[in-house]
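The structure appears below as structure tokens.
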Amino acid sequence: MPTKYDPRDTETKWYPYWTEQSYFEAEGSGKKEPFTIVIPPPNVTGRLHLGHAWDTTLQDILSRLKRMQGYDTLWLPGMDHAGIATQAKVEGRLKEEGMDRHELGRERFLEKTWEWKEEYAEFIRQQWAKLGLSLDYSRERFTLDEGLSTAVREVFVSLYNKGLIYRGQYIINWDPDTQTALSDIEVDYKDVQGHFYHMKYPLKDGSGHIEVATTRPETMLGDTAVAVHPEDERYNHLIGQTVVLPVIGREIEIIADEYVDMEFGSGAVKITPAHDPNDFEMGNRHNLERILVMDESGTMNKNAARYQGLDRFECRTQLVKDLQEDGVLFEIEAHEHSVGHSERSGAVVEPYLSTQWFVKMKPLAEQAVNLQNQEEKVHFVPDRFEKTYLHWLENIRDWCISRQLWWGHRIPAWYHKETKEMHVGHTAPSNPEEWEQDEDVLDTWFSSALWPFSTMGWPDREDSDFQLFYPTNVLVTGYDIIFFWVSRMIFQGLEFTGQRPFKDVLIHGLVRDAEGRKMSKSLGNGVDPMDVIDQYGADALRFFLATGTTPGNDLRFHWEKIEANWNFANKIWNASRFALMNMGNLAYEDMDLNGDKTIADRWILTRLEETIRDVTRLMDNYEFGEVGRLLYNFIWDDVCDWYIEMAKLPLYGDDEAARHTTRSVLAHVLEQTMRLLHPIMPFITEEIWQHLPHDGSSITVAKWPAADESRMDPESVEDVDLLKHVIRSVRNTRAEMNVAPSKEIDLQMKPQNDDVQKRLERGRTYLKRFSNSGQLTIDPALKVPEKSVSHVLSGAELYMPLAGLIDLEEEIARLEKEKEKLDKEVERVQKKLENEGFIQKAPENVVAEEREKEKDYMEKREKVTARIQELKA
RNA sequence: GAGCCGUUAGUUCAGUGGGAGAACGCCUGCUUGACAGGCAGGAGGUCACUGGUUCGAAUCCAGUACGGCUCACCA
């Protein structure tokens with residue numbers, strides 16, 4: 001084994017082995033308790049980013065843990081066709097080749113897109129492998145697969161038949177760039193510094209005019225009314241009168257509607273039912289005509305009269321100029337307002353009248369809301385996200401699900417060419433030549449919403465995977481897609497399977513750069529997880545992702561932390577190297593933990609049991625950060641800095657039996673620790689585990705360690721704690737007095753009682769070695785040496801005669817300082833104990849602890865004071 | 001406008017009713033038979049602020065300030 005850990009060797013070796021041995025394939029036999037996670041399917045648009053790496057690392061930790069704990073673990077992989085995003089990518093590629101999808105035709109374009117999909121799917125699988133993810137590839141799914149498409153049609157037809165899907169003409173969010181409708185949540189609202197345009201519309205009878213204002217003046221071309229509040233005294237007399245719409249010359253009525261806010265603007269509103277959702281509603285109430293003034297690309301149409309052919313923003317500029325000249329537009333006010341942008345293309349979204357398909361959300365949302373009052377609810381971790389989720393559901397509007405794209409699930413609706421009759425069903429009507437299928441496809445999230453069950457054979461409820469592995473145990477995802485995905489899976493799962501699709505939802509945040517900024521292409525601050533792996537290994541990256549933060553919070557990426565985690569891997573590597581070099585070909589069968597163990601052996605075994613217990617508990621609570629901290633400290637501090645150093649005594653000694661016991665303990669501790677760490681750092685733990693004495697073919701299928709209280713030895717912990725205190729005091733003195741570690745000193749200890757004396761005697765060999773003392777005295781009747789440095793510990797005093805090195809004044813000053821510290825402690829404790837309330841109300845054990853401390857501090861202070869007196873005398 | 005989160009050591013973050021923690025960074029010393037990407041020792045914090053509850057508050061409650069996020073409205 002090389003002295004430095006090189007993750008590249010290890011990490012390329014094990015993944016092929018794991019998959020060849022089918023360790024990640026769920027059995028599906030029903031003999032073991034199942035544990036299921038479905039992966040949030042990444043888009044087949046490109047490379048995985050750090051967010052994916054984080055999300056999947058957390059899932060892999062849970063999957064590996066549960067697999068080791070004996071569950072029939074299914075972690076189901078797959079990908080999402082990502083309608084708009086993928087189509088845009090393929091169109092981009094076509095454009096480079098000087099082509100256009102319309103030239104190519106729908107069928108050829110889809111062929112090209114499938115090619116793209118295969119290419120990127122392979123790419124994504126390679127990245128999953130590099131991350132070490134324990135995915136069951138035998139069950140990989142894609143949202144456009146045959147089976148999943150069947151599920152999509154089943155859901156569509158069923159919801160349609162229940163009246164929960166309908167088609168109609170409404171105002172939707174239109175993206176003129178990609179030329180498709182969007183759902184409400186695919187629109188990003190940004191505050192924009194715009195203008196408020198004030199206009200006068202003349203009354204037909206010539207008696208004057210009425211003032212209106214708008215932020216989108218081009219929509220005035222489609223106005224079909226002006227509205228005022230029925231109780232607005234300024235306008236009462238005008239209700240029912242007619243105004244002549246400038247430019248167009250259309251005569252439109254002044255109507256009364258309570259929606260109008262009298263306080264806002266002039267109190268009169270222009271009404272454009274085909275270009276604004278509120279105006280559309282009002283139009284329905286008053287039977288107003290709906291006039292579209294643009295086409296699907298945002299270009300003004302024939303209803304825009306002389307502005308026909310202009311882009312909507314060119315039209316705005318020109319129209320404003322013209323209206324100003326005509327005196328219609330009399331004021332332009334700076335006005336900050338919120339403007340919707342397409343989440344995908346960034347284009348300004350146009351509220352647009354259009355015929356689309358919708359899901360009626362009220363009944364579905366209600367079910368999901370009610371679920372949270374039941375025992376079998378979805379548990380959000382951390383639970384604050386439940387509030388976010390419920391608030392959204394309670395205020396939900398109908399979901400526009402049709403998209404004017406080619407790449408996706410085609411809507412299973414057919415229209416008769418002549419009668420215009422509509423047919424909704426799994427298949428086309430029997431005489432297909434007389435019908436044509438709806439051109440549109442479904443929102444990508446419509447199919448993603450079915451993912452937890454469509455991937456398991458549903459709608460075949462008898463499918464063995466669906467029977468065994470559904471509902472899933474936990475969903476791991478970022479808070480940014482709670483609305484898009486989590487909520488939709490829940491209401492569709494309830495509607496179609498009658499069960500929650502997952503018991504827990506583990507929410508994480510976003511990966512940010514070191515300055516806390518979101519990683520983005522435009523900022524160029526993104527980090528490719530594959531680069532991180534190439535430099536430091538997947539284990540280092542995974543440890544960082546697992547331990548960097550607590551659930552629900554964002555994570556800042558720091559290269560230094562990744563590097564520190566490589567150091568940790570290297571530390572583990574070298575500790576193992578040491579163990580193996582001193583293992584003497586110890587075989588697994590020959591390991592013996594029942595021999596005559598040293599206090600170090602008993603202590604580290606106790607610490608191991610504590611670590612097993614705590615790590616298991618924390619894993620179950622998704623507290624991976626704490627798990628990492630515990631394992632890091634156990635390995636680095638307890639195993640490496642203390643146990644290995646202590647184990648060197650028997651290992652380098654002549655006592656064969658003692659050596660055998662210590663070898664066994666060391667091998668056992670490392671072997672068990674590798675198992676505990678394996679879910680987080682799968683590669684290095686497998687590598688080391690395979691080198692160590694072990695039983696079985698792979699750590700991936702080794703049993704998760706079980707805590708055994710009977711192996712704990714509290715005495716040994718007290719022993720080692722005392723030894724550590726003594727050793728630290730000596731080291732501290734050496735450092736302060738500039739006594740080189742290589743220079744021998746005398747160490748004289750005066751125990752206060754038999755118990756401490758015995759402990760010190762038991763630890764004598766360790767004390768001698770770690771203090772590098774020539775003479776070591778343990779004597780309750782010790783005659784205090786002159787000219788010596790002293791330390792007062794709980795239960796013992798220690799002296800180091802360092803004649804010639806000691807400055808008496810300095811030593812007194814040091815002890816005075818020590819005494820001051822103790823004074824403060826005593827004062828603090830006594831203040832507490834003098835408090836009647838504390839004595840009466842605080843729990844007994846707390847009071848007892850304080851009394852114990854008081855005694856200890858006072859004793860120490862006494863000793864220190866006495867020592868000062870001696871030195872002064 | 002409503003809701004949520006954060007504010008703890010130079011930095012990144014844990015801790016969430018009973019003596020302020022870790023990692024990294026910093027300072028000092030060390031070719032100690034696994035590791036100098038290491039070992040040993042050390043410095044460093046009125047836990048944002050103001051009140052309240054409590055025998056006891058970094059921790060619970062209310063408010064304030066600053067930073068961030070989400071939703072809604074915006075003619």
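Naming: A, B, ... by sequence-line order, numbering from 1 per chain. What's counted below: heavy atoms across the whole structure, side chains too, no hydrogens, waters or symmetry copies.
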- Under 3.5 Å on both distances, the Watson-Crick or G-U partner of C30(B): G38(B)
- Message: Quick check on U12(B): is either OP1 or OP2 less than 4.0 Å from any side-chain nitrogen or oxygen of Arg556(A)?
- Response: yes
- Between Asn732(A) and G42(B), does any side-chain N or O lie under 4.0 Å from OP1 or OP2? yes
- Please determine if Lys648(A) forms a cation-pi arrangement with Phe578(A), meaning its NZ or CZ atom is less than 6.0 Å from the six-membered ring centre and no more than 45° off the ring axis. yes
- Can you tell me if the side-chain N/O atoms of Trp636(A) get under 4.0 Å from OP1 or OP2 in C39(B)? yes
- Query: Reckon Thr550(A) touches a base, only the sugar-phosphate, or nothing at all at heavy-atom distances under 4.0 Å?
  - Reply: sugar-phosphate
- Item | Between G56(B) (C1') and Arg828(A) (CZ): distance, integer Å | 11 Å
- Message: Are the side chains of Phe838(A) and Val847(A) in contact, using a 4.5 Å heavy-atom criterion?
- Response: yes
- Task: Tell me whether the centres of the aromatic rings in Tyr536(A) and Trp566(A) are closer together than 6.0 Å.
- Result: no
- Task: Looking at every strand, decide which applies to Ile644(A) at a 4.0 Å heavy-atom threshold: base, sugar-phosphate, or nothing.
- Result: base
- Note on the structure: Side-chain contact check for Ala564(A): nearest option of G18(B), A34(B), C24(B) is C24(B)
- Task: Could you check whether Lys4(A) gets within reach of a base, just the sugar-phosphate, or nothing at all, counting any heavy atom under 4.0 Å?
- Result: base
- Task: Searching all strands shown, indicate the nucleotide that pairs with C13(B) (Watson-Crick or G-U wobble; both distances under 3.5 Å).
- Result: G21(B)
- Item | Residue Ser338(A), side-chain atoms from C-beta onward, closest of C73(B), A34(B), C55(B) | C73(B)
- Query: Expressed in angstrom and rounded to an integer, what is the separation of Phe770(A) atom CZ from U32(B) atom P?
  - Reply: 16 Å
- Message: Check for me whether the distance between the ring centres of Phe557(A) and Trp559(A) falls short of 6.0 Å.
- Response: yes
- Query: Which base sits across from C74(B) as a Watson-Crick or G-U pair, both distances under 3.5 Å?
  - Reply: none
- Base of A34(B) paired with side chain of Glu645(A) (donor-acceptor, under 3.5 Å): yes
- Is the centre of the His391(A) ring less than 6.0 Å from the centre of the Tyr389(A) ring? no
- Query: Has Lys200(A) got its NZ or CZ under 6.0 Å from the middle of the six-membered ring of Phe330(A), at an angle within 45 degrees of the ring axis?
  - Reply: yes
- Message: With the six-membered base ring of G33(B) as reference, does the ring of Tyr652(A) sit under 5.5 Å away with planes under 30° apart?
- Response: yes
- Note on the structure: Side-chain contact check for Trp566(A): nearest option of G37(B), A22(B), G18(B) is G37(B)
- Using a 4.0 Å heavy-atom cut-off across all strands, classify Tyr479(A) as base, sugar-phosphate, or nothing. nothing
- Query: In terms of side-chain heavy atoms of Asn567(A), which of C4(B), G37(B), G18(B) is nearest?
  - Reply: G37(B)
- Task: Indicate whether OP1 or OP2 belonging to A34(B) is found under 4.0 Å from a side-chain N or O atom of Lys648(A).
- Result: yes
- Query: Rounded to whole angstroms, how far apart are CD on Glu386(A) and P on G3(B)?
  - Reply: 18 Å
- Task: Would you kindly check whether a donor in the side chain of Lys571(A) faces an acceptor in the base of C35(B), or vice versa, at under 3.5 angstrom?
- Result: yes
- Message: Does C74(B) have OP1 or OP2 under 4.0 Å away from a side-chain N or O of Asn278(A)?
- Response: yes
- Query: Looking for any heavy atom pair under 4.0 Å, which part of the strands does Phe543(A) touch: base, sugar-phosphate only, or nothing?
  - Reply: nothing
- Message: Any base atoms under 4.0 Å from Val846(A), or only sugar-phosphate, or nothing? Heavy atoms, all strands.
- Response: base
- Task: Go through C71(B), G18(B), C74(B) for me and flag the one nearest to the Phe483(A) side chain.
- Result: C71(B)
- Query: Any chance CZ of Arg769(A) has more than 12 other-residue heavy atoms, nucleotides or ligands included, within less than 6.0 Å?
  - Reply: yes
- Message: Please classify the nucleic acid contact of Thr215(A) as base, sugar-phosphate, or nothing, using heavy-atom distances under 4.0 Å.
- Response: sugar-phosphate
- Check every strand shown and say whether Arg728(A) touches a base, only sugar-phosphate, or nothing at a heavy-atom separation below 4.0 Å. sugar-phosphate
- Message: Does C24(B) have its OP1 or OP2 closer than 4.0 Å to a side-chain nitrogen or oxygen of Tyr632(A)?
- Response: yes
- Touch check for Asn738(A), heavy atoms < 4.0 angstrom, all strands: base, sugar-phosphate only, or nothing? nothing
- Message: Tell me whether the side-chain N/O atoms of Thr549(A) come closer than 4.0 Å to OP1 or OP2 in U12(B).
- Response: no
- The residue, Ala735(A) or His391(A), whose nearest nucleotide of RNA chain B is more 5′ is Ala735(A)
- Is any side-chain N or O of Lys561(A) closer than 4.0 Å to OP1 or OP2 of C24(B)? no
- Item | Euclidean distance, atom CG of residue Asn553(A) to atom P of A14(B) [Å, nearest integer] | 6 Å
- Query: Touch check for Glu626(A), heavy atoms < 4.0 angstrom, all strands: base, sugar-phosphate only, or nothing?
  - Reply: sugar-phosphate
- Task: Examine G3(B): is either OP1 or OP2 under 4.0 Å from a nitrogen or oxygen in the side chain of Tyr389(A)? Give yes or no.
- Result: no
